**Student:** 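If you scroll down you'll find the structure; I have some questions about it.
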Amino acid sequence: MPDLEDVTFLLPGPVKLHPRVLRALSLPSMPHRSPEFTAALGHLTEGLKEVFGTFQDVTVLSGSGTAGMEAAVGSLVKKGDRVVALSNGKFGERMADISALHGDAVRVTAPWGQGFDLGEVERALKGGETKALTFVLNETSTGVMNQGKEIAWLAREHGALVIMDAVTAVGSVPVPVDEWGVDVCIVGSQKCLAAPPGLAFLSVSEEAYSRLHRFSYYLDLKKHIDKTRAGSTPFTPAVPLYLAATEAIRIALEEGLDARYERTRRMADATRAAATALGLELYAAEDVRSDTVTAIRYPDVPDAEKAIRGRMKDAHGVLVAGGQDEVKGRIFRIGHMANARPEELAGCFHALESCLIEAGHDFVPGAGTGALVRAFSRAPDAAVASGRSA
Ligand code: PLP
């Protein structure tokens, strides 16, 4: 196992923490029933509103992204409520399972690696009075960015509440929650916002707020929002995580959201160009490729998972993710979200090329790293050059 203090860390979450965030984690104990905590919570929710692009309520749960998914779905749908649940990957499947647990789910599926057939989504919405539509914007398991705006608009057109998991999107790509008309947007702290794991952030529209019901003692979304409005939390919050998340969001806003989105987009373009230059195949269909995570098929070499991903970690200290469920052992995934930098990507591709040579894959050595250099050598636009928000 390489030294975790000194590795290249390019997972699609959790992501590497900035030293300022690490320092925030070690601040002295703070009582959560205090003006200091109320002020910190205010900074956190104001920052979140900015990255979510919302004027609606935003609340924070001490729990991972899945707690946020369940709080949202469970607080809005009950048995007898029709829910159209979109699934084209592991997390869409999770969202559909949660929808089926709390409501009457009608699943709309698409093959892993592909986007949804919007005609099929519309037919499902027309199939009966639909209380809510649930979907995952960025499907982390396959590197697919689903058609968020179109899906949300379709749902609204048919009178359904829109519950969107944007766990690996908000903070690294634009997700204008209010503009799209999303009723509940769910985000995990450990992904594009580069905070430690353990918090879920949710925005809730006025319409959704008026329809919340109590289904759980702890995950009762209305109770969380009401307390946030009063500058507090219903239960003891994970205070150090709140402070660290506040610092992480401050860092994101200092960079500027537009500059951050542009950096992420360029990282994604460069990753795709470099992988392709090595003769590797991208898993996601071309029209729906994610800018925060790239899924790459392993080449046909013996014991690819061990020879490539395993060896990148053990011999080079480069951590990337493997495939999950039905694509386990068939793909690996490079996360280029949050604060990931081109230099880290260069280290990653250097390691990848070395492992591919050892594994016997046929390609021109240097093709991937060369593609990266070319991708990053193009004149940056003004926003990126100055670090300002455009
Ligand atoms: N949704 C998406 C898109 C994810 O990528 C993840 C985690 O990877 C989750 C939900 C679940 O989040 P957590 O593991 O924080 O519960």
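As the structure is a computational prediction, the values presented were derived from the model and not from experiment. Indexing begins at 1, ligand by ligand and atom by atom, following the structure's order.
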**Student:** Report yes or no: does N146 contribute a side-chain atom to a donor-acceptor pair with the main-chain N or O of V136 at less than 3.5 Å?
**Tutor:**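 Judged by distance alone, yes, a pair lies under 3.5 Å.
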**Student:** Output the set of protein residues with a heavy-atom contact under 4.0 Å to ligand 1, ordered first by chain identifier and then by residue number.
**Tutor:**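 Around ligand 1, where the cutoff is 4.0 Å for heavy atoms, the contacting residues are S64, G65, T66, M69, F91, R94, V136, N138, T140, D165, V167, T168, Q190, K191.
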**Student:** Apply side-chain contact (heavy atoms from CB on, under 4.5 Å) to K313 and list each qualifying residue two or more places apart in sequence or on a separate chain.
**Tutor:**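 Checked K313 against side-chain contact (heavy atoms from CB on, under 4.5 Å); matches are M1, P2, L319.
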**Student:** Determine all donor-acceptor pairs shorter than 3.5 Å in which one atom belongs to a side chain in residues 240-247; sequence neighbours excluded.
**Tutor:**
{"residue": "Y242", "atom": "OH", "partner": "V60", "partner atom": "O", "Å": "3.4"}
{"residue": "T246", "atom": "OG1", "partner": "Y242", "partner atom": "O", "Å": "2.7"}
{"residue": "E247", "atom": "OE1", "partner": "R250", "partner atom": "NH1", "Å": "2.5"}
{"residue": "E247", "atom": "OE2", "partner": "R20", "partner atom": "NE", "Å": "2.7"}
{"residue": "E247", "atom": "OE2", "partner": "R20", "partner atom": "NH2", "Å": "3.0"}

**Student:** Under 3.5 Å, which donor-acceptor pairs do the side chains of residues 73-81 form with other protein atoms, sequence neighbours left out?
**Tutor:**
{"residue": "S75", "atom": "OG", "partner": "A71", "partner atom": "O", "Å": "2.7"}
{"residue": "S75", "atom": "OG", "partner": "L221", "partner atom": "N", "Å": "3.3"}
{"residue": "K79", "atom": "NZ", "partner": "A100", "partner atom": "O", "Å": "2.7"}
{"residue": "K79", "atom": "NZ", "partner": "G103", "partner atom": "O", "Å": "2.7"}
{"residue": "D81", "atom": "OD2", "partner": "K78", "partner atom": "N", "Å": "2.8"}
{"residue": "D81", "atom": "OD2", "partner": "K131", "partner atom": "NZ", "Å": "3.4"}

**Student:** Heavy-atom distance under 4.5 Å between the side chains of I357 and P365, does that happen here?
**Tutor:** yes
**Student:** Within the supplied structure, the quantity of interest is the number of heavy atoms (other residues, nucleotides, ligands) at a distance under 6.0 Å from D300 CG; does it exceed 12?
**Tutor:**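 No, CG of D300 has 12 or fewer neighbouring heavy atoms, counting only those of other groups under 6.0 Å.
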